[in-house]
There are 2 protein chains.
Amino acid sequence: MIRLSKLADYGIVIMTHMARGRARQHATHDIAEATQVPAAMASKILKTLVRTGLLASNRGANGGYVMTRDPAMITVAEVVEALEGPIALTSCTEEGETDCGIEQLCPTRTNWQRINDAIRTALAEISIGEMATAIPSAFMVEDDNSDHQVSRPPMAKLA
Amino acid sequence: MIRLSKLADYGIVIMTHMARGRARQHATHDIAEATQVPAAMASKILKTLVRTGLLASNRGANGGYVMTRDPAMITVAEVVEALEGPIALTSCTEEGETDCGIEQLCPTRTNWQRINDAIRTALAEISIGEMATAIPSAFMVEDDNSDHQVSRPPMAKLA
DNA sequence: TTCAAATTGGACCGAATTGGTTCTATTTGT
DNA sequence: ACAAATAGAACCAATTCGGTCCAATTTGAA
């Protein structure tokens, strides 16, 4: 059912939390507590987020993690890709998989590209900054079209 | 890495093939052969596509499967949902999961909705009909912005 | 200088999901 | 009556995933 791995899921939650927090620097422990993400898990995620450059770390006592960029400049797509690798919906678009055997009927290939692009774009259009803006009170900050938080679409289960 | 299950992957390939084929009715065997999808697998997929109403079946000798709708009227999203259930990126949006524990910091919830919507929309904007139109010769049919098949974006592996 | 608080990196494991097969029943044309 | 199809379900191996744990390193402070 096309779902994000928990890793990416948590990742976004964590980044969102860090973006919202007034404190610049956050220690793993605090983040875990605040987000309810299991500490070990949070740690793992934070580490890889550092590796991919979305976070910076200060080691040693009083250490912690800091965002390297303005949350508004970090897209959800980036976080997802940082944690689960490139967003590619189908195996046929994966690197090195040139020999899918069905080359002839594979105009589809290019269309798959379209699908991938579409999704990536969708994910790239939402920033962590936006995610961090509190919604219940409904203050959309730097957002233009304001229908999304109202519509809770049926989400069509099957047909 | 956010990927479609092989089920949905194959599903789209199969639907695309059926849309392209001049023959109205297709038998499992032929479909499997043409698409390179393992026969048993194809069979399984076809069955569920019938159950969800995207295909109709004729049983018995000379039987086979038929699309119930104009391919242009069937979206990729439908096929995906038919095969892997509702498109919901994160567990927190799944039905009945109201007790995510972190209700307070969960303005995020509504933002997840946005993400889900974005993706679903992306997938809903591409029809099987479009998928079926041959691309290599680059005849974009009912499409407006024509940069997607040209741009093979870096697909940013990690950072 | 020594200790404690942090991050780092990796190995590791159980469980769930996935991709795929197989078998039996049923339907239908010839 | 037989063969060609679909229907439906159970079943299995293997990968992936969510999660934990541990040893190493860095750094501030007593």
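Numbered from 1 within each chain, the chains take letters A, B, ... in sequence-line order. Because the structure is a prediction, the values reported are computed rather than measured.
Closest non-hydrogen pair, B:Y65 versus B:M18, comes out as O-CE, 3.5 Å. For the residue pair B:A77 and B:R120, the shortest heavy atom distance occurs at CB-O, 4.1 Å. Looking at every heavy atom in both residues, B:S127 comes nearest to B:A72 through CB-O, 3.4 Å.
Although no hydrogens or angles enter the test, the distance criterion places a donor-acceptor pair under 3.5 Å between the side chain of A:T68 and the main chain of A:G53.
A:H29 has its NE2 atom 18 Å from the P atom of C:dA4, to the nearest Å. In this structure, A:Q36 places its CD atom 17 Å from C1' of D:dG18, rounding to the nearest Å. Atom P of nucleotide C:dT22 and atom CE of B:M41 are separated by 13 Å, given to the nearest angstrom. For the pair B:I45 CD1 and C:dG19 P, the computed distance is 9 Å after rounding to whole Å. D:dA5 atom P lies 14 Å from atom CG of B:L46, rounded to whole Å. Across the protein-nucleic acid pair, B:I14 atom CD1 and C:dG19 atom P stand 13 Å apart, rounded to whole Å. Atom CG in A:L4 sits roughly 15 Å away from atom C1' in D:dT16 (whole-Å rounding). The NE2 atom of A:H26 sits 18 Å away from the C1' atom of C:dA5 (whole-angstrom rounding).
For the atom pair A:T16 OG1 and A:I128 CD1, the distance stands at 4.5 Å (nearest 0.5 Å). If you take NE2 on B:H17 and CD on B:E33, they are separated by 9.5 Å, rounding to the nearest 0.5 Å.
When distances are taken from the side chain of A:S43 to each of C:dG20, C:dT8, C:dT27, the shortest belongs to C:dT8. Proximity note for B:S5 (side chain, C-beta onward) versus C:dG9, C:dG19, C:dT21: the nearest is C:dG19. The A:R59 side chain lies nearest to D:dA24 when the options are D:dT6, C:dG29, D:dA24. Between C:dT30, C:dT7, C:dG20, one nucleotide has an atom nearer to the side chain of B:N62 than all others, and that is C:dT30. Comparing C:dT8, D:dT6, C:dT21 against the side chain of A:S57 picks out C:dT8 as the nearest. In this structure, of D:dG19, D:dG8, C:dT22, it is D:dG19 that holds the atom nearest to the side chain of A:Y10. Comparing C:dG9, D:dT20, C:dT21 by their closest approach to the side chain of A:P38 singles out D:dT20. Minimum atom distance to the side chain of B:K6 is reached by C:dG20, of the listed D:dA29, C:dT26, C:dG20. The side chain of B:L7 has C:dG19 as its nearest neighbour among D:dT6, C:dG19, D:dA7.
Comparing B:K47 and A:N58, the nucleotide of DNA chain C nearest to each residue sits closer to the 5' end for A:N58.
Between A:E78 and A:R69 there is a salt bridge, with a side-chain nitrogen of the basic residue lying less than 4.0 Å from a carboxylate oxygen of the acidic one.
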Mind listing the N/O atom pairs, protein and nucleotides 11-13 of chain C, below 3.5 Å?
none

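When the options B:T48, B:V50, B:I45 are evaluated for a side-chain contact (heavy atoms from CB on, under 4.5 Å) with B:L55, the one that passes is B:V50.
Using a 4.0 Å heavy-atom criterion, one finds that A:A40 contacts the bases of the nucleic acid, with or without backbone contacts as well.
At the phosphate of C:dT8, neither OP1 nor OP2 sits under 4.0 Å from any side-chain N or O atom of A:R51.
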